[in-house]
Amino acid sequence: MRYWLMKTEPSTFGVDDLERAKRGTTSWDGVRNYQARNMLRDEMKRGDQAFLYYSSCDVPGIVATVKVVKEGYPDPSAFDRKDHHYDPDSDPAKPRWFMVDVQLERRLARVITLDELRKHAAKELKNMVLLRKGNRLSITPVQAAEWKFILSLE
DNA sequence: GCCAACGTTGGC
DNA sequence: GCCAACGTTGGC
């Protein structure tokens, strides 16, 4: 089993939305980056866990954990002309973009902020992909030891 | 294949 | 709103 971190902007989709969703489950659609696509399509497996991370907001940080309940399958929003993430170059017969379904596991007792994560960037979290300079990937792998350590901060 | 121009992300 | 650090596009 592996661990991940998935970014979302709370103004677009937050943990409240996930909580309200049927069975606390949502399709993680709209990812349009090849590296992230490869992880969605090939690497994320049913039962994997992920941190839900808020970006582009007042207090960036981890707010919840989710688990993968459905493995990579074609993202239909790529074929929807009216969708913001529509990709005219993606052929339905040979889909370019993929998504997984995730289910809310639990909201953390408190937000573990980016600021706080950075305080451990020299030691426990020195290899954490999220903290690497210039990182913009919306999905990043998390090591088991990092997962455990971060939850211990909670 | 190179690389300049452009677009996006995301912290600040 | 600024801007660093990307990724993508397209002319050559």
Side-chain angles (χ1 to χ4, degrees), chain A residues 2-21 26-44 48-68 71-102 104-105 107-143 145-147 149-154:
Chain A
R2 300 184 60 182
Y3 300 96
W4 308 91
L5 180 143
M6 305 170 89
K7 292 182 188 173
T8 184
E9 299 185 12
S11 59
T12 304
F13 185 87
V15 66
D16 296 334
D17 299 294
L18 191 51
E19 214 159 44
R20 276 195 296 270
T26 194
S27 297
W28 206 259
D29 64 357
V31 173
R32 297 292 180 266
N33 169 282
Y34 288 104
Q35 240 183 300
R37 185 282 308 270
N38 292 347
M39 290 188 264
L40 287 167
R41 188 189 59 189
D42 308 328
E43 297 185 49
M44 298 178 79
D48 283 2
Q49 287 175 283
F51 285 129
L52 199 70
Y53 174 90
Y54 279 179
S55 66
S56 295
C57 57
D58 284 352
V59 186
I62 295 165
V63 296
T65 65
V66 300
K67 70 178 172 193
V68 176
E71 294 177 12
Y73 62 109
D75 177 351
S77 69
F79 310 125
D80 181 356
R81 203 172 287 277
K82 290 182 291 292
D83 195 281
H84 181 245
H85 297 286
Y86 173 60
D87 179 1
D89 296 330
S90 180
D91 176 0
K94 205 172 173 250
R96 174 180 295 182
W97 304 114
F98 285 72
M99 62 186 189
V100 298
D101 288 357
V102 295
L104 178 65
E105 200 161 56
R107 199 186 273 267
L108 297 194
R110 64 183 187 85
V111 179
I112 303 189
T113 65
L114 175 61
D115 204 45
E116 183 171 357
L117 295 174
R118 285 233 167 91
K119 286 181 179 146
H120 305 281
K123 201 178 169 193
E124 291 91 344
L125 301 179
K126 66 173 181 294
N127 293 317
M128 194 168 180
V129 179
L130 175 76
L131 303 180
R132 280 186 202 156
K133 188 176 173 180
N135 169 66
R136 299 184 318 175
L137 264 187
S138 65
I139 296 177
T140 53
V142 172
Q143 294 172 14
E146 293 166 345
W147 178 273
F149 175 75
I150 289 166
L151 286 180
S152 80
L153 298 173
E154 183 185 7

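Reckoned from all heavy atoms, side chains included, excluding hydrogens, waters and symmetry mates. For clarity, every value in this text was computed on a predicted model and none was experimentally measured. Lettering follows sequence order; numbering is per chain, from 1.
- Straight-line distance from the CG atom of Leu131(A) to the P atom of dA4(C): 21 Å, rounded to whole Å.
- Rounded to an integer number of Å, the gap from NE2 of His84(A) to C1' of dT8(B) is 11 Å.
- The separation between Arg32(A) atom CZ and dT9(B) atom P is 11 Å, rounded to whole Å.
- For Lys7(A) and dT9(B), the NZ to C1' distance is 7 Å, given to the nearest whole Å.
- Taking a cutoff of 4.0 Å between a charged side-chain nitrogen and a carboxylate oxygen, Arg41(A) and Asp75(A) do not qualify as a salt bridge.
- Using a 4.0 Å heavy-atom distance criterion, Ser56(A) is classed as a base contact.
- In this structure, Tyr53(A) does not reach the dT9(B) phosphate: none of its side-chain N or O atoms is under 4.0 Å from OP1 or OP2.
- For dC12(B), one of the phosphate oxygens OP1 or OP2 lies less than 4.0 angstrom from a side-chain nitrogen or oxygen of Arg118(A).
- Checked for salt-bridge contact, Arg96(A) and Asp87(A) meet the test: a charged N lies under 4.0 Å from a carboxylate O.
- Aromatic pair Tyr34(A)/Trp97(A): ring centres closer than 6.0 Å.
- Between Ser77(A) and His84(A), every side-chain heavy-atom pair lies at or beyond the 4.5 Å cut-off.
- Protein atom CZ of Arg136(A) is 9 Å distant from nucleotide atom P of dT8(C), rounded to whole Å.
- Taking only side-chain nitrogens and oxygens, Lys133(A) comes nearer than 4.0 Å to OP1 or OP2 of dA5(C).
- Between the CG atom of Asp58(A) and the P atom of dG10(B) there is a distance of 16 Å, given to the nearest Å.
- Straight-line distance from the CG atom of Asn33(A) to the P atom of dA5(C): 18 Å, rounded to whole Å.
- Taking atom CG of residue Asn135(A) and atom P of nucleotide dT8(B), one finds them 19 Å apart after rounding to whole Å.
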